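What follows is a short report on a single structure.
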Amino acid sequence: MSFTAEKLTRYTELSKRIRRHIVRMTHHAGSGHPGGSLSATELLTVLFFEHMNVDPKNPDWADRDCFFLSKGHCTPVYYSVLAEKGFFPVEELMTFRDVDGRLHGHPCSEHCPGVDISSGSLGQGLSVANGVALSAKLDGKSRRAYVMIGDGEAQEGQVWEAAMTTPHFGLDNVCAILDWNKIQLDDYVEDVMGLGDFAGKWKSFGWHVVEIDGHDLSEVDDAFREAKRTKGKPTAILAHTVKGKGISYMENTHKWHGLAPDDDELEMALKELV
Amino acid sequence: MTTMAAPREGYSQALIQLGKQHEDLVVLDADCAKSNMTNLFKQEFPDRFFNIGISECDLVGTAAGFALAGKVPFANAYANFLTGRAFDQMRISVCYANNNVKVVGHNAGTSPAQEGATHLPLEDISLMRSLPRMTVVVPADAVEMEKAVKAAYHFEGPLYLRVGKLPVPIVTQRDDPFQIGKAIHYRRGSDVSIISTGIMLDETFKAAEELEKRGIHADVLHVHTIKPIDVDAVVQSATRTGRVVTVEEHSIIGGLGSAVAEVLAEHQPTPLRRVGTQDRFGVSGKMDELLDFFELRAARIIKSVEGLMETAEAL
């Protein structure tokens with residue numbers, strides 16, 4: 001247990017607030033992706049608030065740690081964490097997916113402060129992380145590159161091209177976070193296209209693999225610490241999560257992969273997130 | 001006698017010169033370093049060369065990461081696999097994210113020769129031209145290539161550079177001007193505009209000389225930057241001559257011919273003929289044989305011009 005009771009309370013509350021943002025944002029837009037946002041909430045909360053070296057007042061600071069949301073559809077959790085961290089006002093979350101807003105359906109680095117690269121076509125994030133990490137090594141900088149990949153996303157071939165590149169160049173400044181929620185758009189991942197020995201795959205590619213409960217704040221924190229300590233090879237955090245976590249009717253179903261709650265459903269969700 | 005040189009030689013020489021001056025330049029390749037001659041850069045600057053393996057999508061994404069970190073990456077691979085397979089990576093990680101990546105498509109056009117249809121990139125310009133923010137540069141020969149590479153380095157934003165493998169005649173001069181986006185007016189004439197790109201400038205010159213003997217005065221415009229195309233130069237030439245023939249070592253669909261057709265249709269409707277490869281795949285053969293096979297020759301340009309003269313007169 002790395003977290004003090006005080007921190008545990010703080011991040012439990014913050015995660016709950018972020019979940020409230022997620023359902024409110026998708027309700028506001030009438031579309032969006034709550035399921036995979038709710039599964040990634042603790043992971044991104046702990047990453048941004050405990051581990052990433054970033055400056056919300058200077059989002060493009062050259063020495064910042066980078067984060068790439070490779071599973072780019074999960075903007076509700078991403079924007080919520082960025083807003084809570086101070087990259088833009090929390091009130092702006094209610095402009096999610098608005099035509100004149102900065103918070104597009106999928107992340108756009110040109111418009112949204114704190115978004116390091118545009119994404120939304122699955123499979124591209126780890127390659128970009130490798131490029132930043134190689135550049136950091138070349139310049140003798142200590143910056144780190146984090147990338148969040150979905151388990152369904154790992155069906156994309158480019159993920160494995162990039163997974164070869166990271167250990168090949170000894171990029172211990174790369175940390176891949178696998179949001180292993182077991183469900184993709186159409187169905188359970190194992191029914192659509194099974195991942196086989198998912199952890200074994202990463203290990204065999206030369207990664208240091210840490211398997212955790214992605215909703216246990218202390219385990220998440222420990223995993224990021226372990227990644228920083230691991231030298232000579234990159235770390236893949238395989239985080240077992242629950243799609244739709246925190247809202248009973250959204251949990252463990254592909255129905256809420258890309259569906260927004262209506263008025264009644266929003267009310268039900270907010271009651272559960274008090 | 002005509003001097004021959006491979007465009008890739010001009011490319012690698014310019015890359016090394018730039019590497020000496022600019023520490024932020026990095027080179028990536030997809031297991032084609034020997035063929036693309038980026039291995040010469042690797043010898044000079046081993047720390048700034050990265051072989052990403054046979055994975056064009058990862059290559060382009062990694063280059064985007066380098067650009068994000070402030071480097072100027074030149075991402076090299078065979079043109080057809082690069083532009084075809086990694087199109088989506090160029091669309092999202094490079095162009096949409098507005099990353100300063102130089103995408104270099106090698107083995108261009110007919111230069112893979114006997115490798116056959118799978119290896120002949122005849123659609124790459126079309127693909128790259130369709131990407132928002134992508135600039136598309138197609139130099140004529142090794143001399144112009146050197147200038148293009150240097151201009152590409154100093155150009156801010158995504159850029160596609162097309163590089164051929166086999167020796168082709170050197171037809172441009174060291175002191176010819178080169179500016180991205182600016183066509184070069186090589187010959188003045190009032191009867192027809194021949195607008196060419198890439199290595200077809202050589203056959204275009206030959207055609208223009210032969211036409212001159214036949215009393216037809218050709219205006220020759222070399223469009224090394226297909227996007228953004230030099231609208232003023234195209235319109236001015238077409239206005240002066242009233243007839244246009246485009247020439248490219250690429251499909252007539254989506255490349256220079258299409259770009260010029262779009263400009264003319266909107267600004268100066270003008271009868272047009274397109275010389276290039278037709279809507280078909282290639283075959284195996286020596287580069288010379290392929291240029292004959294595809295009719296990428298002066299004779300075909302002349303035929304198009306004469307056909308256009310007759311049609312236009314009949315109108």
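Worth saying up front: this structure is predicted, and the values here are computed from it rather than measured. Every chain is numbered from 1, with letters handed out A, B, ... down the list of sequences.
Nearest heavy atoms, A/F169 versus B/N51: CZ-O, 3.6 Å. Taking every heavy atom of both residues into account, A/H104 and B/Y96 meet most closely at ND1-OH, 3.7 Å.
A/D60 does not touch chain B: none of its heavy atoms, backbone or side chain, sits under 4.5 Å away. The parts of A/A162 that come within reach of chain B are both its backbone and its side chain, each placing non-hydrogen atoms under 4.5 angstrom from that chain.
To the nearest 0.5 Å, atoms CD (A/E161) and CD1 (B/I52) are separated by 10.5 Å. Note: B/K71 NZ to A/L134 CG = 11.0 Å, rounded to the nearest 0.5 Å. Rounded to the nearest 0.5 Å, atoms CD1 (B/I92) and OG (A/S121) are 5.5 Å apart. With rounding to the nearest 0.5 angstrom, the OG atom of A/S135 is 9.0 Å from the CG atom of B/L68. Between B/F50 atom CZ and A/N130 atom CG the span is 11.5 Å, to the nearest 0.5 Å.
For chain B, the option among A/K141, A/E110, A/K137, A/Q158 with the highest count of heavy-atom pairs below 4.5 Å is A/Q158. The residue among B/G53, B/A64, B/S93, B/G70 with the most heavy atom pairs within less than 4.5 Å of chain A is B/S93. Annotation: maximal heavy-atom pairing with chain A below 4.5 Å, among B/A69, B/A86, B/C57, occurs at B/C57.
Among B/T62, B/L59, B/V60, the one residue that satisfies the side-chain contact (heavy atoms from CB on, under 4.5 Å) test with A/S127 is B/T62.
Enclosure of atom NZ in B/K42 is not indicated, since only 12 or fewer non-hydrogen atoms of other residues, nucleotides or ligands lie within 6.0 angstrom. More than 12 non-hydrogen atoms from other residues, nucleotides or ligands lie less than 6.0 angstrom from CD of B/Q17. For B/R129, the CZ atom is densely surrounded, since the number of other residues' heavy atoms within 6.0 Å is greater than 12. B/K150 NZ: more than 12 foreign heavy atoms inside a 6.0 Å radius. For B/R85, the CZ atom sits in a loose shell: 12 or fewer heavy atoms of surrounding residues, nucleotides or ligands are nearer than 6.0 Å. Other residues, nucleotides and ligands contribute more than 12 heavy atoms inside 6.0 Å of the NZ atom of A/K228. Counting heavy-atom neighbours within 6.0 Å of B/D279 CG, excluding the residue itself, gives a total of 12 or less.
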